[in-house]
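Quantities reported herein were computed from a predicted structural model and do not represent experimental measurements. Computed from heavy atoms alone, side chains included, the values below leave out hydrogens, waters and symmetry copies.
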Amino acid sequence: MSVETRELRVVAFGGLPEIEEGADLVALIGDALEGAGLVPLDGDVLVVTSKIVSKAEGRRIAAADREDAITAETVRVVASRAHPGGVTRIVENRQGIVQAAAGVDASNTPSGTVLLLPVDPDASARGLAAGLRARFGVELGVVLSDTLGRAWREGQIDQAIGAAGVRVLDDLRGSRDSFGHELAVTQAALADELASAGDLVKGKASGMPVALVRGAGHAVTASLDTPARALSRTGPGDMFRLGTDEALAEGRAAGLAEGRAEGRAEGRAAGLAEGRAEAAATIARLEEELAALRARFN
C-alpha cells in the first residue's frame, strides 16, 4: 500500500557580499543562487532578510541615540516596560507593523548607526520577485522577513513584513476537516510560516541572508500583488490595542474624567435646586412681610 508523503526543502546559501546602498539585489541574489548550484524552479519561494534590503535602499542612518530613531519611526505606542537594561517599547511603526522598537535595529551595522525597515516592504518584495522571475524564467515568490515577538509566547521568530507572488493567507473557512466539520475561522498565515522556515537555516549571524524554500508551490501565485501588510491586524479588528498597564491607565483616566464630569453636572443640578429653594423662601418671606404691612395700614 502506498502512503502519501510531503516534503519541504529549505536551503540557505552564501556568496553575497556585504550589501551597500544602491546594490543590485536581483543580480547579487541571482549570482549567489547560481554559485551555490541552485536553479530556481516554478513554485520556489525565496525568503530574504529585510536587513539586506534596508542596506540596499539606503535605510542605514547615523544615530547617536537609538531611542530617538525609534521615536521617529513610531506611529502609536502599544506598551512600554522599563527593565534593568533600559525600556522596551512595543509600537506600531510607519509600515503598519506592531513590533518592538519599531523595527529599528543596531545589529549587523557599524557602531553609531542603525537600520530602519524598508519604506515599503511589499514594494521591495515585488521588485525582487519581478527581477528574479525575469532572470530565471520561473514563477517564484519572495518573502521579506524580520524578527518579531508574539503576544503570550516567549522568544522571537521571523515573520513576513513584505511579500510578492505568495499567498500570504490560506483561507480555509468554509472547508471541512476529516470529520466533516466546517471550518469557521481557520486562516493559515503562509507567509509567516515560510519566513520562519527560512530562518531555521539562515540564522541571525551566519552570513546567509537568503533561503530558498522548495515544496510550497501551493503558496505561489502568478500575481505579484500579494502584500504582507494584509497580515497586520490593526484598527477595529485589534483586540490587543494596548498593553495591560496602558489599558488600565487609560480606563482609570477615562473613569476619572467621567466621574468629574458627572460630579460637575450633579453639582450644577444641586446648586440650581438650592438656589430655587432659597429664592422661593425669600419670596415667601417677602409676601408675609407685605401682608403684615397691608394689615397694619388698612
Atom pair [atom1]/[atom2] of [X] and [Y] - distance to nearest 0.5 Å:
{"X": "Ile97", "Y": "Leu148", "atom1": "CD1", "atom2": "CG", "answer": "6.5 Å"}
{"X": "Leu144", "Y": "Ser124", "atom1": "CG", "atom2": "OG", "answer": "6.0 Å"}
{"X": "Gln95", "Y": "Ser50", "atom1": "CD", "atom2": "OG", "answer": "9.5 Å"}
{"X": "Ser232", "Y": "Ile161", "atom1": "OG", "atom2": "CD1", "answer": "9.5 Å"}
{"X": "Thr113", "Y": "Leu116", "atom1": "OG1", "atom2": "CG", "answer": "10.0 Å"}

### Exceeds 12 heavy-atom contacts within 6.0 angstrom, atom CZ of Arg81
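Check passes, neighbour count above 12.
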### Query
So does Arg150 have more than 12 non-hydrogen atoms from other groups sitting under 6.0 Å from CZ?
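Counting neighbours around CZ of Arg150, more than 12 heavy atoms of other residues, nucleotides or ligands fall under 6.0 Å, so yes.
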Heavy-atom pair of closest approach, residues [X] and [Y]:
{"X": "Leu115", "Y": "Ser107", "result": "CD1-O, 4.2 Å"}
{"X": "Ala23", "Y": "Leu28", "result": "CB-CD1, 4.0 Å"}
{"X": "Gly149", "Y": "Gln159", "result": "O-NE2, 3.9 Å"}
{"X": "Val39", "Y": "Arg214", "result": "O-NH2, 3.1 Å"}
{"X": "Ala197", "Y": "Val10", "result": "O-CG1, 3.5 Å"}
{"X": "Ala189", "Y": "Leu231", "result": "CB-CD2, 4.3 Å"}

Side chain to side chain, [X] and [Y], heavy atoms closer than 4.5 Å:
{"X": "Val45", "Y": "Leu140", "value": "no"}
{"X": "Val53", "Y": "Val48", "value": "yes"}
{"X": "Leu33", "Y": "Leu46", "value": "yes"}
{"X": "Arg135", "Y": "Asp31", "value": "yes"}
{"X": "Phe136", "Y": "Glu34", "value": "yes"}
{"X": "Val210", "Y": "Thr49", "value": "no"}
{"X": "Pro40", "Y": "Leu132", "value": "no"}

Is [X] reaching over with its side chain to a backbone N or O of [Y], donor-acceptor style, under 3.5 angstrom?
{"X": "Thr226", "Y": "Val166", "value": "yes"}
{"X": "Thr109", "Y": "Val114", "value": "no"}
{"X": "Arg126", "Y": "Leu224", "value": "no"}
{"X": "Asp192", "Y": "Ala160", "value": "yes"}
{"X": "Arg94", "Y": "Ala72", "value": "yes"}
{"X": "Asp44", "Y": "Leu41", "value": "yes"}
{"X": "Asp24", "Y": "Ala27", "value": "yes"}
{"X": "Glu21", "Y": "Lys55", "value": "no"}
{"X": "Ser196", "Y": "Glu193", "value": "no"}

Looking at [X] and [Y], does any basic side-chain N land under 4.0 Å from a carboxylate oxygen?
{"X": "Arg241", "Y": "Glu92", "answer": "no"}
{"X": "Arg133", "Y": "Asp42", "answer": "no"}
{"X": "Asp122", "Y": "Arg229", "answer": "no"}
{"X": "Arg60", "Y": "Asp105", "answer": "no"}

Same apolar cluster: [X] and [Y], side chain cutoff 4.5 Å:
{"X": "Leu128", "Y": "Val11", "result": "yes"}
{"X": "Val47", "Y": "Leu38", "result": "no"}
{"X": "Val26", "Y": "Ile29", "result": "yes"}
{"X": "Val201", "Y": "Leu8", "result": "yes"}
{"X": "Val213", "Y": "Val138", "result": "no"}

Do the side-chain N and O atoms of [X] and [Y] include a donor-acceptor pair separated by under 3.5 angstrom?
{"X": "Gln99", "Y": "Asp146", "result": "yes"}
{"X": "Thr147", "Y": "Asp158", "result": "yes"}
{"X": "Ser223", "Y": "Asp225", "result": "no"}

### Task
Decide side-chain contact (heavy atoms from CB on, under 4.5 Å) for Val91 and Val98; before the verdict, give the C-alpha distance in whole Å, the side-chain angles of both, and the deciding distance to 0.1 Å.
CA-CA 5 Å; Val91 306; Val98 176; over 6 Å; no
### Task
Evaluate the side-chain contact (heavy atoms from CB on, under 4.5 Å) criterion for residues Asp170 and Arg167: first the C-alpha distance (whole Å), next the side-chain angles of each, then the deciding distance (0.1 Å), finally the verdict.
CA-CA 7 Å; Asp170 188 10; Arg167 286 191 299 129; 3.1 Å; yes
### Task
Output, in order, the C-alpha distance, side-chain angles, deciding distance and verdict of salt bridge (charged side-chain N to carboxylate O under 4.0 Å, His left out) for Arg6 and Glu4.
CA-CA 7 Å; Arg6 294 181 182 178; Glu4 181 183 4; 3.7 Å; yes
### Message
Go through it in stages, so that I can follow the logic: the residues are Thr71 and Arg89, the test is side chain to side chain donor-acceptor pair (under 3.5 Å), and I'd like the CA-CA distance, side-chain angles, deciding distance and then a yes or no.
### Response
CA-CA 10 Å; Thr71 299; Arg89 285 187 279 173; 3.0 Å; yes
